[in-house]
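Notes to accompany the following structure.
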Amino acid sequence: MGAVKNMLKGFIFTGIYAVFTVVIPLVFFTLIFSIEGLPLEWEQQDQNNIMFWLVAFGLLVSGLAFFKYSSPKQSIRKAVFALIQVIVNCLYIWSYRFSGAAEVTFVILDFGFFTLDLSQMLLIYMGVYFLTIILRVYDIIDFTINREKIRENRMK
Amino acid sequence: MRPSRVFRLLVRIFILFLTISVTAVSILGGLSAVMILSNQDNFGIDTDNAEFNLDINNSTLIIENVNFSLPFNITNAGYFDLENFQLNIQLGLNYSQIDGGGPGVNETRIVRILDRTQNFGDIPKGLTGNFTFFGANSSFLHSSFPDPLTDIDWTRSPPLEFYANFTISLDYSVGMHSISITVINIKIGEYP
């Protein structure tokens, strides 16, 4: 019964992650690109790049969410998948930077242009993720050292 | 609960607090940027009071001195201080080139005679910063100036026209948002 429950939990979290990392960004950028007359400087190739990297890393994050959340509580497997997921999450955030989505330029005809650069904000978020990576490594060590104790508690 | 889990919980709370703070600053910064940029009165480039002094020796037609000043102001209507506020001005000189090849070969040229960035520091929230951009004689690209005797067609009216590109750049919300606004091809004067 526990295994089924874990599998269900894995599927639910995969869905949640897919909505937040793939569906919402995809809908957001599709809407922005489809607005007629919006003076964005992104070209077709930039749009394709942004979409591709967001979907690619978003799917990876969502897939890893399944393995993380379907693993037993306080297991080494869960800790390892959680660590991989955080690292891929960092890449996902970084994909906004290297795909060009973090730098938005609006061209205003007969006036000039306006640029908003959010790269620094992404770097700060990656700093927070780095702290999470430390926490995940701590989890792996903790779950390995206290393996027997965790198993005993699980059996109870 | 094991002591190691209690420690982990405390670190998690700290990370959560950090994430919420960063997100709050990002959202407030975005709102501030909208508040500042949506009101044109927050940016005042006073082109009417811009001064462009070009001293040309009447006998030798050699440029002896050139300088440029532009007063402007910016109001920080947002929630955070504006940081690293910079203004870059590129000045272009438009003239008709004498090619000496007979009628019809003259062509209009634009050469960049000034490309200068001045840093005005920070503007605290709620305050208006009044500044004057100044381009001294030494800042001008003298090697780019056309030769008044052999290059400029003085029969054109006006013989010289000056155009400018302005780029305002600044950091906001503790450096998380970098904004730049570029205004291109503004005519700022002519000579004589």
Most chain B-contacting option - heavy-atom pairs closer than 4.5 Å, from A:L122, A:D142, A:I134, A:L123: A:D142
If hydrophobic clusters are built by linking Ile, Leu, Val, Met, Phe, Trp and Tyr wherever their side-chain heavy atoms come under 4.5 Å apart, do B:L16 and B:L9 end up in the same one? no
Heavy-atom count around B:F134 CZ within 6.0 Å, excluding the residue itself: above 12? yes
Which portion of B:F166 sits near chain A, non-hydrogen atoms under 4.5 angstrom: neither
Which residues from residues 69-90 of chain B are near chain A, with near meaning under 4.5 Å between non-hydrogen atoms? none
Structural part of B:S169 lying under 4.5 Å from a heavy atom of chain A: neither
Apply side chain to side chain contact (heavy atoms under 4.5 Å, CB included) to B:H177 and A:L118, showing your working. CA-CA 5 Å; B:H177 299 87; A:L118 301 171; 3.1 Å; yes
Hydrophobic cluster identity match, A:I140 and A:F81, side-chain contacts under 4.5 Å: yes
Any side chain to side chain donor-acceptor pair (under 3.5 Å) involving residues 127-139 of chain A? Give me the pairs, sequence neighbours left out, ordered by first then second residue. A:D139-B:R5, A:D139-B:R8
Using non-hydrogen atoms and a 4.5 Å limit, figure out which bit of A:F143 sits close to chain B: side chain, backbone, both or neither. side chain
Taken to the nearest 0.5 Å, the spacing of B:T19 OG1 from A:L131 CG works out to 8.5 Å
In the single-linkage hydrophobic clustering (I, L, V, M, F, W, Y; side-chain heavy atoms under 4.5 Å), do A:F28 and A:F20 co-cluster? yes
Say you draw a straight line from OH of A:Y125 to OG1 of B:T23; how long is it, rounded to the nearest 0.5 Å? 2.5 Å
Turns out that what part of A:I124 lies under 4.5 Å from chain B's heavy atoms comes down to side chain
Part of A:I150 lying under 4.5 Å from any heavy atom of chain B: side chain
Do A:V19 and A:I12 belong to the same hydrophobic cluster, where Ile, Leu, Val, Met, Phe, Trp and Tyr are linked whenever their side-chain heavy atoms lie under 4.5 Å apart, directly or via other members? yes
Which region of A:N146, side chain (C-beta onward) or backbone (N, CA, C, O), has a non-hydrogen atom less than 4.5 Å from a non-hydrogen atom of chain B, or is it both or neither? side chain
Proximity breakdown for B:F7 and chain A, heavy-atom pairs closer than 4.5 Å: side chain
The complete set of salt bridge (Lys or Arg N to Asp or Glu O under 4.0 Å) pairs with one or both residues in residues 167-187 of chain B, sequence neighbours excluded, reads B:E161-B:K187, B:K187-B:E190
Is B:V111 reachable from B:L141 through a run of I, L, V, M, F, W or Y residues, each pair having side-chain heavy atoms under 4.5 Å apart? no
Tell me, which pairs form a side chain to side chain donor-acceptor pair (under 3.5 Å) where one or both residues lie in residues 74-95 of chain A, sequence neighbours left out? A:Q74-B:R2, A:Y92-A:Y96
